Undergrad: 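I'd like to ask some things about the structure below.
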Amino acid sequence: MLLRIEDTDRARSTNEAIDAILDGLAWLGLDWDEEPVFQFSRAERHRLVVDELLSANRAYHCYSTPEELDEMRRIAQSEGRPPRYDGRWRDRTPQEAPVGVKPVVRLKAPREGETAINDAVQGRVVIPNADLDDLVLLRSDGTPTYMLAVVVDDHDMGITHVIRGVDHLTNAARQMQIYAALDWPVPEMAHIPLIHGPDGAKLSKRHGALGVEAYRALGYLPAALRNYLVRLGWSHGDEEFFSTEDMIHAFGLQGVGKSPARFDFAKLENINGHYMRAMSDADLLDAFRKALPYLPDGPDAMERLDKGLWPIFEKLLPALKERAKTLVELLDSASFLFSERPLKLDDKASSVLAPEAQKLLSLLTPQLAALSLWTASSVEESVRAFAQDHNVKLGQIAQPLRAALTGRVVSPPIFDVLEALDREESLARLADQSG
RNA sequence: GCGCCCAUCGUCUAGCGGUCUAGGACGUCGCCCUUUCACGGCGAAAACAGGGGUUCGAGUCCCCUUGGGCGCGCCA
């Protein structure tokens, strides 16, 4: 697989922008083999193609200034016509060129008839040529535009399928005019629907859309995101889960619908949770460690876990992962492990630790301290006996225990927590809260 | 404004003229499991945008309306 970076817009193609693309794709697991091709490095080739077009009289120099073009569009708009370039330089000679104006090169596009796109997803789409003006091939500074560059590169690189968002549909028509002027065969085209925001409004950077890197910080797994994304606008019967292998076998343009989908975080979370549970503990641990630096408060948590707490984390991971839909939730649900004593209790935990409960805990603590063996089952046995002796339900002692040990009212099974925390830490936390 | 495209539960979708009293998934709501929360299991509510045609028969074909989206740069 080959990666091509379309960097013909020099101002926007900053190193940061390019790194963000590379980084995002790599994280998502969308790999490429050879060195990326930077489109701008092929500018010389693009200019050569334009020379051909010029000498074949399929393109021409245009001396209209940006101000002139603005004016043109404004007037057209006010007269109810489409805002287009009017082709005023189409058939003029260079002798008429105003001095001091650097020209652009425009394609001499057909003015009548229509251009048809045979699209694998959209079907046959016909655009009147009157709605397509003479697009710019070379800017006045001599650099190629994207419109020209894609066509030349796709042709030179032997691209068989052009698959992209519908926002490129009319570009496809324009590009076909370039193919036609060059007498080149047109690759298979497929324009897939766009993804909308949860509110149905458009999803774009300008409207709060997230870059790939944001999904990493949100704690999603690349495999889960891929799975979620592939099911947006495409389906394969009733199947919901697809491994990379499955996708490769099952995916086809025939299954792609034409209507746009809304992005639904609830479903993404569900799928992510599914992947987390389905993963082996070792793989999940690995994914978690890799993601940690990017998660909110992750670096801080990493520092604390590095102080010998990883074994405890690992021990509780099977219980923890049942309760988390994202890596962020996983981190949050594990935070009691490395919280410093005395623990800060959340509101619900404080109310669980009423005086009555505190009294029970102070009675239980010495009994636990006397245990010769500290395992989940030995502790459980002891606590169950305690509950019976004091004629309380298990929950009446388990909940205060949970509150005292985790600072919360929700956690993995409490006896597993006791075991993971170990005797010393558990007893210390109990002492902190049994007042 | 002009051009193009879209329209099944709240959301993602199955459906390619009769098997649809419309299926699955997420979400929601019950119940079960249970030391909490999850997981898991069982169950429920929930949709063919509206109107005309075509046809023996329309969610499925055609037209209109309405509602959405995309495009109209010396951006990509």
Side-chain angles (χ1 to χ4, degrees), chain A residues 6-9 11-13 39 62 64-66 69-70 73 76-85 102-106 117 119 122-123 125-128 130-133 135-147 149-150 164-171 173-174 191 193-194 196 198 200-202 228 231-241 254 257-271 273 277 319-325 329 333 348 352 380 383-384 387 393-403 406 408-415:
Chain A
E6 320 227 290
D7 59 346
T8 47
D9 184 339
R12 286 205 304 180
S13 300
Q39 191 157 57
C62 164
S64 293
T65 60
L69 294 171
D70 280 349
R73 292 190 192 101
Q77 194 85 268
S78 71
E79 290 174 357
R81 290 181 291 115
R84 303 270 135 67
Y85 170 66
K102 292 240 194 173
V104 299
V105 177
R106 287 182 184 271
I117 307 155
D119 193 281
Q122 303 293 327
V125 179
V126 177
I127 313 258
D131 291 323
L132 270 14
D133 58 5
L135 66 276
V136 173
L137 300 169
L138 243 39
R139 302 187 182 95
S140 56
D141 65 0
T143 58
T145 60
Y146 155 83
M147 212 60 89
V150 254
R164 31 127 90 150
V166 261
D167 50 338
H168 279 281
L169 194 61
T170 38
N171 287 341
R174 304 180 110 94
H191 289 86
L194 265 17
H196 290 181
K202 62 191 123 224
Y228 175 68
R231 281 284 289 100
L232 242 36
W234 174 82
S235 64
H236 188 70
D238 283 341
E239 282 179 62
E240 296 287 344
F241 294 100
Q254 329 76 252
K258 293 204 225 179
S259 46
R262 295 188 190 198
F263 198 97
D264 181 12
F265 279 93
K267 184 141 188 178
L268 207 210
E269 289 206 345
N270 173 274
I271 290 176
R277 270 173 267 128
L320 254 15
K321 75 179 182 184
E322 292 291 318
R323 293 163 175 73
K325 293 196 290 290
E329 288 183 14
S333 69
K348 283 177 184 165
V352 164
E380 175 167 0
V383 173
R384 281 188 188 275
K393 286 199 210 154
L394 189 55
Q396 288 177 269
I397 187 66
Q399 276 304 83
L401 263 176
R402 190 185 319 280
T406 70
R408 301 183 180 189
V409 90
V410 169
S411 84
I414 193 60
F415 304 117

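To find a chain, count down the sequence lines: A is the first, B the second, and so on, and within it residues start at 1. Just so we're clear, the structure is a prediction, and the values are computed from it rather than from any experiment.
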Undergrad: Given that both distances must come in under 3.5 Å, which nucleotide forms a Watson-Crick or G-U wobble pair with B:rC26?
TA: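 For B:rC26, the partner nucleotide comes out as B:rG10, under the 3.5 Å rule.
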Undergrad: Applying salt bridge (Lys or Arg N to Asp or Glu O under 4.0 Å) to A:Asp7 and A:Arg12, what does each step give before you reach the verdict?
TA: CA-CA 8 Å; A:Asp7 59 346; A:Arg12 286 205 304 180; over 6 Å; no
Undergrad: Roughly, in whole Å, what's the span from CG in A:Asp167 to C1' in B:rG69?
TA: 11 Å
Undergrad: Using the side chain to side chain contact (heavy atoms under 4.5 Å, CB included) rule, take A:Arg408 and A:Arg402 through it: C-alpha gap first, then chi angles, then the decisive distance, then the call.
TA: CA-CA 7 Å; A:Arg408 301 183 180 189; A:Arg402 190 185 319 280; over 6 Å; no
Undergrad: Specify the separation, in whole Å, of atom CG of A:Leu169 and atom P of B:rC70.
TA: 13 Å
Undergrad: Could you state the atom-to-atom distance from NZ of A:Lys258 to P of B:rG69 in whole Å?
TA: 19 Å
Undergrad: Check the distance between B:rA38's C1' and A:Ile414's CD1 and give it to me in whole angstrom.
TA: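 About 15 Å, once rounded to whole Å.
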Undergrad: Rounded off to whole Å, could you give me the CD-to-C1' distance for the A:Gln122 and B:rC70 pair?
TA: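 Spelled out: CD on A:Gln122 to C1' on B:rC70 is 10 Å.
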Undergrad: Please give the nucleotide sitting opposite B:rC48 as a Watson-Crick or G-U wobble pair, both distances under 3.5 Å, or none.
TA: none
Undergrad: Taking the minimum atom-to-atom distance to the side chain of A:Val410, which one of B:rC6, B:rC37, B:rG3 wins?
TA: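 My answer, after comparing the listed nucleotides, is B:rC37.
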Undergrad: Should A:His168 be counted as stacked on B:rA76, where stacking needs a ring-centre gap under 5.5 Å and an angle between planes under 30 degrees?
TA: yes
Undergrad: Do A:Lys267 side-chain and B:rA25 base share a donor-acceptor contact under 3.5 Å?
TA: yes
Undergrad: Within this structure, what is the CG-NZ distance for the pair A:Asp141 and A:Lys102, rounded to the nearest 0.5 Å?
TA: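 If I round to the nearest 0.5 Å, the distance is 8.0 Å.
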Undergrad: Spell out yes or no: do the side chain of A:Ser140 and the base of B:rC74 have one donor N/O and one acceptor N/O closer than 3.5 Å?
TA: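 Such a pair is found, so the answer is yes.
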Undergrad: If you assign A:Asp9 and A:Val126 each to the RNA chain B nucleotide with the nearest heavy atom, which residue ends up on the more 5' nucleotide?
TA: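 In this pair, the answer is A:Val126.
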Undergrad: Paired with B:rG40: which nucleotide, if any, by Watson-Crick or G-U wobble criteria at under 3.5 Å for both distances?
TA: B:rC32
Undergrad: Is it the case that B:rG24 (base atoms only) and A:Glu239 (side chain only) share a donor and an acceptor within less than 3.5 Å, ignoring hydrogens and angles?
TA: no
Undergrad: Here's a test of your reading of the structure: between A:Arg277 and A:Ser64, which maps to the more 5' nucleotide of RNA chain B?
TA: A:Arg277
Undergrad: Ignoring hydrogens and angles, are the base of B:rG23 and the side chain of A:Asp238 linked by a donor-acceptor pair under 3.5 Å?
TA: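 By the distance-only test, yes, there is a pair.
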Undergrad: Please report, rounded to the nearest Å, how far the P atom of B:rG24 is from the CZ atom of A:Phe241.
TA: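 About 16 Å, once rounded to whole Å.
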Undergrad: Which of the following nucleotides, B:rC26, B:rU35, B:rA76, is nearest to the side chain of A:Gln399?
TA: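 Nearest listed nucleotide: B:rU35.
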Undergrad: Taking the side chain of A:His196 as heavy atoms from C-beta outward, which of B:rG10, B:rA76, B:rG68 is closest to it?
TA: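 The closest nucleotide is B:rG68.
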Undergrad: If you measure from CG on A:Asp70 to OG on A:Ser64, what distance do you get to the nearest 0.5 Å?
TA: 11.5 Å
Undergrad: Starting the side chain at C-beta, find the nucleotide from B:rG3, B:rG27, B:rU35 nearest to A:Ala266.
TA: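 It is B:rG27.
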Undergrad: Out of B:rC5, B:rC6, B:rG10, which nucleotide sits closest to the side chain of A:Val125?
TA: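 From the listed options, B:rC5 comes nearest.
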Undergrad: Which one, B:rA76, B:rU13, B:rC39, comes nearest to the side chain of A:Arg231?
TA: B:rU13
Undergrad: Consider the side chain of A:Asn270, meaning its heavy atoms from C-beta on, and name the nucleotide among B:rG27, B:rC74, B:rA14 that approaches it most closely.
TA: B:rG27
Undergrad: Rounded off to whole Å, could you give me the CZ-to-P distance for the A:Arg174 and B:rG71 pair?
TA: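 Answer to the nearest Å: 12 Å.
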Undergrad: Could you check which of B:rG3, B:rC12, B:rA38 has an atom nearest any side-chain atom of A:Glu322?
TA: B:rA38
Undergrad: Could you walk me through whether A:Arg174 and A:Asp133 pass salt bridge (Lys or Arg N to Asp or Glu O under 4.0 Å), step by step?
TA: CA-CA 9 Å; A:Arg174 304 180 110 94; A:Asp133 58 5; 2.5 Å; yes
Undergrad: Using atom CG of A:Asp264 as one end and atom P of B:rC26 as the other, report the distance to the nearest whole Å.
TA: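 Going from A:Asp264 (CG) to B:rC26 (P), I get 12 Å.
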Undergrad: Using both distances under 3.5 Å as the test, list the Watson-Crick or G-U wobble partner of B:rC4, or none.
TA: B:rG69
Undergrad: Is A:Arg84 near enough to B:rG71 that one of its side-chain N or O atoms lies under 4.0 angstrom from OP1 or OP2?
TA: no
Undergrad: Do any side-chain nitrogens or oxygens of A:Arg106 fall under 4.0 Å of OP1 or OP2 in B:rC74?
TA: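 Result: yes.
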Undergrad: Which listed nucleotide (B:rC5, B:rC39, B:rC70) is nearest to the side chain of A:Leu194?
TA: B:rC70
Undergrad: Return the pairing partner of B:rC74 with a 3.5 Å limit on both distances, Watson-Crick or G-U wobble; otherwise return none.
TA: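 Across all strands, not a single nucleotide pairs with B:rC74.
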Undergrad: To the side chain of A:Pro82, which of B:rC37, B:rC26, B:rG1 is closest?
TA: B:rG1
Undergrad: Starting at CZ of A:Arg231, measure out to NZ of A:Lys267 and round the result to the nearest 0.5 Å.
TA: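 Taking CZ in A:Arg231 and NZ in A:Lys267, the distance rounds to 5.5 Å.
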Undergrad: Supply the atom-to-atom distance A:Leu194 CG to A:Leu232 CG, rounded to the nearest 0.5 angstrom.
TA: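 Rounded to the nearest 0.5 Å, the CG-CG separation comes to 11.0 Å.
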Undergrad: Mind checking A:Glu6 for me? I need base, sugar-phosphate or nothing, with any heavy atom below 4.0 Å counting as a touch.
TA: sugar-phosphate
Undergrad: Starting at CZ of A:Arg323, measure out to OG of A:Ser333 and round the result to the nearest 0.5 Å.
TA: 8.5 Å
Undergrad: Any side-chain N or O of A:Ser259 under 4.0 Å from OP1/OP2 of B:rC5?
TA: no
Undergrad: Indicate, yes or no, whether a donor-acceptor pair under 3.5 Å links the base of B:rU35 to the side chain of A:Arg384.
TA: no
Undergrad: Classify A:Gly273 by what it touches in the nucleic acid, base, sugar-phosphate, or nothing, heavy-atom distance under 4.0 Å.
TA: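 No contact at all - A:Gly273 keeps every heavy atom at 4.0 Å or more from the nucleic acid.
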Undergrad: With respect to the phosphate group of B:rC72, does any side-chain polar atom (N or O) of A:Thr170 fall under 4.0 Å of OP1 or OP2?
TA: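 Looking at the OP1 and OP2 atoms of B:rC72, neither is under 4.0 Å from any side-chain N or O of A:Thr170.
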Undergrad: Check this one for me: any side-chain N or O of A:Arg323 less than 4.0 Å away from OP1 or OP2 of B:rC39?
TA: no
